[in-house]
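Below, read A as the first sequence line, B as the second, and so on, with proteins coming before strands; counting in each chain starts at 1.
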Amino acid sequence: HVRNYMIGDIVARLKRMQGFNVLHPFGWDAFGLPAENAAIKNNVHPEKWTLDNIAHMKGQLQRLGISYAWEREIATCLPDYYRWNQWLFTRMFERGLAYRRRSNVNWCESCQTVLANEQVVDGGCWRCGTPVTQRELEQWCLRITAYADELLEALDRLDTWPDKVLTMQRNWIGRSEGARVKFGDPVPPGRTRERIAADIEVFTTRIDTIYGATFVLLAPEHPLVERFAAASPDPAAFRGQAARFRAQDRTARLTGEVPKEGFDTGRTAVNPFTGQPVPVWVANFVLVEYGTGAVMGVPAHDQRDFEFAKKYNLPIVVVVQPEDAAAVPLEAATLDAAFDGEGRLTASGPFTGMRAQDGNRRMTEDARSRGVGEGAVQFRLKDWGISRQRYWGTPIPIVHCESCGMVAVPDADLPVVLPKVVEFTGRGDSPLAHVPEFVNTPCPTCGRPAKRETDTMDTFVDSSWYFYRFCDARNDRAPFDPDTVAYWGPVDFYSGGVEHAILHLIYSRFFSRVFRDLGLVKIDEPFARLLTQGMVLKNGDVMSKSKGNVVDPDDMIARFGADALRLYVMFVAPPEKEVEWIDTGLEGAARFLARVWRMVDYLMPVVVSAAPPAGLTFDADERALRRRTHSTVRRVAQDIDPRMHLNTAVSALMEMVNDLYAFADKRGLRPSGRAEDPAAPPAPPPKVDRLETAAVLAEAVNALVLILSPFTPHLSEELWERLGHKNGVVAAGWPAFDEAVAKDEEVEIPVQVNGKVRGRIIVPAGASDADIEAAALASAQVRPYLEGKRVIKVIVARGRLVSVVVS
RNA sequence: GCGGAAGUGGCGGAACUGGCAGACGCACCAGCUUGAGGGGCUGGCGCCCGUAAGGGCGUGGGGGUUCGAAUCCCCCCUUCCGCACCA
């Protein structure tokens, strides 16, 4: 976290010095399970635990010198903030974007609460890793799927987002185009299998293979399964098999550990293209929540179906042949794996001979015209289940009334305040349900006794819109003023860990669009630029209390100072990479800052009394130092924004300091190496004869202190003041940079002969290509390599290199 | 399996549009600072041959494009990350 806040702070400080109006806010995402669990464990109220932690961390951030706009500080656990969660929930409820339904939900036994799909990682809880089980519960859901298409399509325009995040979101939304097709009741009498009571609708992306569909598979949870069971000769056995599949460990199923299994329902359905009856089976690998919960089995062209057919001896029919003319035609009898590539259709009635892709289109049309199917788009994205059976979260502002049903709490009655006196058991039923004063309330509509909803909201609701609240953090009439958000929004620069790639960043994109459709914001995408910063590791592991490898920023501040810590963390690697923490690196940063301090402190009398450089005539060394000063001013700014290479910005600062030392050395100026030793004789004061030398030193030192300040604000402010400036580094602004001064006077150009560097020439900057070529060919270093050879070609590359080709 | 990112000295990394590979720093080595430690300063530090001058090799491996490749293309290997029976 500290690294992330530093990155943002350096950008904010640069932009402020460049004259931008910078909103650099901070808030506390303070609801959630850790506080509640700590409360149970330590017998302290979650609110106290949370507020104490906030106070501690705020002190730490301030000691690090992170320049936050504390007057806009928010904490999501305070009614000032969460009332607007409730307000927004109410708006969504009115629009059908928030709804309640009974469904299977992910349940974490350890956290004793529901998890959203996004919060299930490798079949376990994202927070504690406990394997997730399924429970049937009444759940409030937010209809994120209403925005699925838009959330997907807009990713194409987020061109500054990391590819990784875009890909993860695309996969998560998981759009696939295909068709829904009905496998109907067999009509003709006299079959051995009985008629079923309804068509079975399947979803497929490969309708072109439908002539090879030789069976239909239902998910064990599919509604028809129970109907078939009831009508079967042995309902108990039937139900038992289905129940066994349903009970199979979901985690094992997800990791592919459970073998594919199924059983025959004894029913048939008619393939709407072949007209042939096909058996209907129940299979453990078919997912009820995806598509229609039923699929057609095409063993020749789908590997899962192939394995299933082999295991249960179901017929295999090849309907796509690879187009590769040399290939041996596939035959069902000899097939050892499904062929899922493109090719030409065979044994597909009127579609035979078409390319599979064309067949796909034509067969979808055909199905539609005959009323047996239609094109369909399917998403993997599910609606977002937000009910949590815990205490420390935003109360859901709904009242359940026996006569009026579910009624939203009117805006005037918001916030629904979280009661303070609650018993925490961690048992997994909502703690609020045991607080009668909270639960019992008159129905807002009819006034009769009614009961409040006792679940609280997923804390990701809190973090899905807080960035707009910062723009107008003290507004008590609305979540924010639209004009104010129009001024600030969208967020220009957003940095955080890649762990937010799906959860937070997709929810926020969803909420932004809800606000847009409510007329509160005009933008779609909340975050214009996204940086996913790498984590800081210690001994190859993520720092965590349980591993005992945490580096406490306060310890580092005490030992080396906040500035050294900031400089080191920025220098050690580019922001998006992971870094391994090493103490010696921090020592190096502290050493560098001591070096800066010594030189600036030593030169102070010269700097304070120096003339401005305008109108002076400088010697070569002085011009070189000015060149370094001006080019570093430019480079540091560009390395921060737009390049976001904070590590090379620090390198540039170090190079400048090295040059400053070298220049000073040439002029007999050298600060004492032991400034901290009071017994050491004081260094003689700097003696500078030339007006011009004093001027370039002053220019360099003043600029250095300023351009270092985003990284090392404390050191820079102190030195800046000592250098006789009054109003601080931000008021001073980013130093002006003069292209003419920064430009090299002459350049060294390598000369290659047949691709090898054989010499170097020095030419005035801006020399013409012809002059450079002539100088290269005349060079004493190069000439021996041209003796007796014929020069075929000479290339002068952008004034940077000469390449001579000889035979 | 699918997808994303990445492989450069002992280490972290630099090389911005194809143009001097290894900037900057860490570690290490040698020297100076009247002794030690600490601090500071100077120099060295990719690999191989060579006392040296100099030469050869070198950005995971192999091929290619180009006057020129860490950078572009093809194949392969490795690592990390994400998704994973999505029909």
Side-chain angles (χ1 to χ4, degrees), chain A residues 121-123 162-168 170-172 174-176 178 202-206 209 217 253-256 258-260 283-287 289-298 301-305 307-308 340 378-380 498-499 501-502 567-568 571-574 576-580 582-589 591-592 594-595 598 635 638-639 642-643 645 647-658 661 665 670-677 680 748-757 760 792-806:
Chain A
V121 177
D122 291 338
D163 288 342
K164 177 179 188 156
V165 174
L166 296 175
T167 307
M168 284 169 76
R170 284 193 184 101
N171 291 342
W172 190 261
R175 182 182 198 273
S176 54
V202 303
F203 175 74
T204 178
T205 55
R206 289 297 303 273
T209 64
L217 300 175
R253 275 175 71 180
L254 287 175
T255 48
V258 175
K260 291 175 182 40
N284 64 344
F285 64 91
V286 178
L287 307 172
E289 67 269 21
Y290 188 76
T292 60
V295 298
M296 64 184 201
V298 185
H301 304 293
D302 180 283
Q303 187 58 28
R304 294 158 299 189
D305 298 344
E307 288 166 28
F308 196 79
D340 59 6
Q378 185 64 43
F379 292 95
R380 295 184 53 203
V498 73
E499 70 273 15
I502 297 203
L567 193 79
Y568 164 63
F571 175 60
V572 70
E576 53 292 328
K577 282 198 73 160
E578 286 188 342
V579 300
E580 173 71 25
I582 13 170
D583 284 345
T584 53
L586 182 52
E587 287 163 23
R591 201 144 57 217
F592 168 74
R595 206 163 127 85
R598 279 198 307 273
R635 183 168 160 200
Q638 287 183 345
D639 276 0
R643 296 188 70 212
H645 288 203
N647 53 330
T648 57
V650 177
S651 301
L653 289 162
M654 289 172 167
E655 286 176 55
M656 179 177 169
V657 171
N658 288 344
Y661 265 83
D665 211 36
R670 174 178 293 234
S672 161
R674 30 178 58 204
E676 74 291 344
D677 181 356
E748 190 186 77
I749 296 180
V751 183
Q752 295 181 343
V753 179
N754 285 352
K756 290 203 183 296
V757 177
R760 291 157 204 286
I792 297 170
K793 200 177 191 184
V794 180
I795 294 141
V796 180
R798 276 177 278 154
R800 276 204 261 175
L801 176 140
V802 180
S803 183
V804 184
V805 188
V806 299

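Within the shown strands, nothing qualifies as a pairing partner of B:U17 under the Watson-Crick or G-U definition with both distances less than 3.5 Å. Using Watson-Crick or G-U wobble geometry with both donor-acceptor distances under 3.5 Å, B:G7 finds its partner in B:C77. A 3.5 Å limit on both hydrogen-bonding distances identifies B:G56 as the Watson-Crick or G-U partner of B:C47. Look at B:C2: its Watson-Crick or wobble partner, with both distances under 3.5 angstrom, is B:G82. When both pairing distances are held under 3.5 Å, B:C32 makes a Watson-Crick or G-U pair with B:G40.
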Under 3.5 Å, which protein N or O atoms sit close to an N or O of nucleotides 25-28 of chain B? Give each pair with its distance.
from, atom 1, to, atom 2, distance (Å)
B:G25, OP1, A:Asn658, ND2, 3.2
B:C26, OP1, A:Arg591, NE, 3.4
B:C26, OP1, A:Arg591, NH2, 2.7
B:C26, O2', A:Thr584, OG1, 3.0
B:A27, OP2, A:Arg591, NH2, 3.4

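Syn is the classification of B:G9, since its glycosidic angle stays within 90° of 0.
A:Lys577 has a side-chain polar atom (N or O) that falls below the 4.0 Å cut-off from OP1 or OP2 of B:G13. Proximity of A:Arg643 to the phosphate of B:A15: a side-chain N or O atom is located under 4.0 Å from OP1 or OP2.
The nucleotide whose nearest atom lies closest to any side-chain atom of A:Lys164 is, among B:G19, B:A87, B:G4, B:G4.
Note that A:Lys260 lies in the cation-pi zone of A:Phe285, set by a 6.0 Å cut-off to the ring centre and a 45° limit from the axis.
Using a distance-only test at 3.5 Å, with no hydrogens or angles considered, a donor-acceptor pair links the side chain of A:Asn284 to the main chain of A:Pro259.
If you take NE2 of A:His645 and C1' of B:A14, they are 10 Å apart, rounded to a whole angstrom.
When every heavy atom of A:Thr292 is checked against every heavy atom of A:Val202, the shortest pair comes out as OG1-CA, 3.3 Å.
Residue contacts for A:Pro574: at a heavy-atom cut-off of 4.0 Å it reaches the sugar-phosphate backbone alone, with no base atom in range.
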